[in-house]
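For ligands, and for the atoms within them, numbers begin at 1 and follow the listed sequence. Source: prediction; values computed, not measured. Atoms considered below: every heavy atom in the structure, side chains included; atoms not considered: hydrogens, waters and symmetry mates.
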Amino acid sequence: QVGEAVPASQRGSWTSFLKSIASFSGDLSSMTAPPFILSPVSLTEFPAYWCERPELFAAIADAKSDEDRALAVLKWFISTLKGQYTSRNDTMGSEKKPLNPVLGELFYGMWPDKGGRGQTDLLVEQVSHHPPITAYVIENKAKGLKLVGHNAQKTSFSGGSIIVKQIGHAILTVKNLSASSASGAPPVTEYLITLPRLRIDGLWYGSPYIELCETSYIVGGGFVSTVEYKGKGYFSGKSHSFKATVSPAPGAPGREHVVEGLWHTTSKFVKGGVSGKGDFHDVNGPKEEVTVVAGGGDGAPEGEMGEFETRKLWRLVAKGIREGDFESASREKGRIENEQRQRRRDEVAAGTSWALKHFTPIASDPVYERLGALAKIQPPTEDAYVFLDNWPKTAPVSGA
Ligand code: HCR
């Protein structure tokens with residue numbers, strides 16, 4: 001008998017869903033799941049998790065040395081994990097299956113300037129539907145910070161859990177806004193950020209949750225940070241444990257630092273640290289959700305979203321899921337999917353293909369290759385999506 005969290009009327013379909021994923025590997029997002037596990041949020045909204053503590057992102061620019069900056073980048077990164085991997089449990093009771101974005105879907109947002117931290121902008125585009133790939137950029141121009149990345153997933157099933165290999169990476173660029181060309185300081189410093197593997201547990205009980213596993217890296221600015229993730233029964237015997245080692249890159253000067261703790265709460269330095277401070281990160285305090293803005297594409301008036309903007313595109317599906325009206329949610333979802341199939345057929349007939357708005361694909365990313373080699377990251381090369389630097393003129397959403 002499956003867990004209590006599964007409504008009695010959906011236990012059969014939940015068991016069939018689990019059976020089908022047990023013999024499946026690849027793109028889970030396209031599989032039909034029972035209504036209780038559906039989220040009204042599209043995957044295009046997920047890159048916002050990178051900046052729900054905008055002051056920590058901005059602090060990267062204020063670091064005084066390469067060593068301080070490596071620690072500031074790590075602190076911001078670790079502080080994003082709670083939102084990225086536990087927030088659906090907090091807001092919806094368990095991990096859920098997000099809406100599978102359509103090709104060309106767009107999501108724009110921002111975090112306003114507060115206390116001199118500068119405004120941070122977010123732009124997301126679904127750059128592939130099969131397999132689903134989401135590209136994003138997060139930029140704080142006042143602070144000279146830009147994060148560009150893309151994300152896809154390959155899923156498999158093992159020991160009753162879904163294993164999600166994240167494919168993709170992010171590059172953080174920090175512009176040296178104060179250095180003159182005579183100072184010898186590099187005009188920009190780049191950091192390669194790789195992503196952890198996930199294990200989705202609790203499936204049988206109908207209340208999935210995520211544990212992070214294996215290792216991810218942050219490489220750049222003369223330092224390599226290696227983050228090892230463990231669940232219950234490892235370093236501290238607690239869920240969501242991690243240990244991060246920040247070491248000078250081969251041949252670079254600097255001290256080694258080691259941080260240990262729980263990524264969804266707090267961590268401490270166990271080696272190194274800055275001026276006697278033992279504490280490292282703390283995400284018990286409030287976070288700041290993104291303010292959604294309208295990009296006004298496809299001739300939509302200022303303040304209104306274009307047809308492909310996430311919150312407009314999925315409005316009726318999300319409403320149906322939120323209100324428990326799954327019939328209308330599935331009817332609207334079917335309508336969107338049929339429209340997409342028709343577009344693809346029309347493109348084939350016309351000999352054209354969908355033109356991305358904000359990104360262009362490259363088969364291998366030279367920054368990934370150069371920085372990845374410093375930590376022997378595998379694979380040695382990866383594809384990427386280059387941002388075209390064409391921020392649209394966005395406006396607050398009318399009536400919001
Ligand atoms: C695996 C996942 C889709 C991808 C989601 C990603 C990896 C997307 C990038 C974000 O930065 C971080 C992130 C967090 C999510 O936890 C992860 C999703 C969890 C579930 C979902 C599957 C496609 C759906 C599985 C269906 C289950 C819940 C039954």
Contact atoms of ligand 1, heavy-atom distance to [X] under 4.0 Å:
| X | answer |
| --- | --- |
| Gln84 | 10 (C), 11 (O), 12 (C), 14 (C), 16 (O) |
| Phe17 | 29 (C) |
| Trp14 | 29 (C) |
| Ile200 | 20 (C) |
| Gln166 | 7 (C) |
| Leu28 | 25 (C) |

Within reach of ligand 1, part of Ile21 (heavy-atom separation under 4.0 Å) =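 Answer for Ile21: neither.
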
Under 4.0 Å, heavy atoms only, figure out whether ligand 1 is touched by the backbone of Thr134, its side chain, both or neither.
->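 For Thr134, there is no contact with ligand 1 at all, from either part.
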
Atom 15 (C) of ligand 1 within contact range, any protein heavy atom under 4.0 Å =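 Yes, at least one protein heavy atom sits under 4.0 Å from atom 15 (C) of ligand 1.
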
Knowing that exactly one of Tyr108, Trp391, Tyr385 qualifies, which makes a ring pair (Phe, Tyr, Trp, His ring centres under 6.0 Å) with His358?
->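 Of the listed residues Tyr108, Trp391, Tyr385, the ring pair (Phe, Tyr, Trp, His ring centres under 6.0 Å) partner of His358 is Tyr108.
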
Quick one: does [X] get within less than 4.0 Å of ligand 1, heavy atoms only?
| X | answer |
| --- | --- |
| Tyr209 | no |
| Arg88 | yes |
| Trp50 | no |
| Tyr49 | no |

Does atom [atom1] of [X] have more than 12 heavy-atom neighbours from other groups under 6.0 Å away?
| X | atom1 | answer |
| --- | --- | --- |
| Arg255 | CZ | yes |
| Lys175 | NZ | no |
| Gln342 | CD | yes |
| Glu327 | CD | no |

Describe, in one word, how the ring planes of Tyr368 and His169 are oriented to each other, choosing from parallel (under 30°), tilted (30 to 60°) and perpendicular (over 60°).
->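 If you compare the ring of Tyr368 with that of His169, the planes turn out tilted.
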
Classify the angle between the aromatic ring planes of Trp50 and Phe77 as parallel (below 30°), tilted (30 to 60°) or perpendicular (above 60°).
->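 The rings of Trp50 and Phe77 sit tilted, inter-plane angle from 30° to 60°.
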
Considering non-hydrogen atoms of the protein only, which is the closest contact for [atom], and what is the distance?
| atom | value |
| --- | --- |
| atom 18 (C) of ligand 1 | Glu95 OE2, 4.4 Å |
| atom 1 (C) of ligand 1 | Val164 CG2, 3.8 Å |
| atom 4 (C) of ligand 1 | Gln153 CD, 3.5 Å |
| atom 17 (C) of ligand 1 | Leu198 CD1, 4.0 Å |
| atom 26 (C) of ligand 1 | Lys97 CB, 4.1 Å |

Got Pro196 and Val227 here, is their nearest side-chain heavy-atom distance under 4.5 Å?
->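 Counting from C-beta outward, Pro196 and Val227 never come under 4.5 Å.
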
Would you call Phe387 and Ile171 a side-chain contact if the rule is heavy atoms closer than 4.5 Å?
->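 They are not in contact (no side-chain heavy atoms under 4.5 Å apart), so the answer is no.
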
Verify side chain to side chain contact (heavy atoms under 4.5 Å, CB included) between Thr266 and Lys268, making sure each step is shown before the conclusion.
-> CA-CA 7 Å; Thr266 57; Lys268 287 186 183 321; over 6 Å; no

From Asn89, Leu195, Ile162 - option closest to atom 27 (C) of ligand 1 by heavy atom =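 Nearest heavy atom to atom 27 (C) of ligand 1 lies in Ile162.
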
Selection from Ala33, Ala170, Pro98 by shortest heavy-atom distance to atom 21 (C) of ligand 1 |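 That would be Pro98.
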
Where do Phe36 and Trp14 land on the ring-ring contact (aromatic ring centres under 6.0 Å, His included) test, with the steps shown first?
-> CA-CA 9 Å; Phe36 86 95; Trp14 182 238; 5.1 Å; yes

Would you check, one step at a time, whether the test ring-ring contact (aromatic ring centres under 6.0 Å, His included) holds for Phe269 with Phe280?
-> CA-CA 6 Å; Phe269 282 105; Phe280 185 62; 5.3 Å; yes

Would you say Asn151 has any N or O atom under 3.5 Å from an N or O of ligand 1, going by distance alone?
->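 For ligand 1, there is no N or O atom that lies under 3.5 Å from one belonging to Asn151.
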
Are any of the side-chain nitrogens in Glu302 or Lys393 under 4.0 Å away from the carboxylate oxygens of its partner?
->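 Yes, Glu302 and Lys393 are salt-bridged.
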
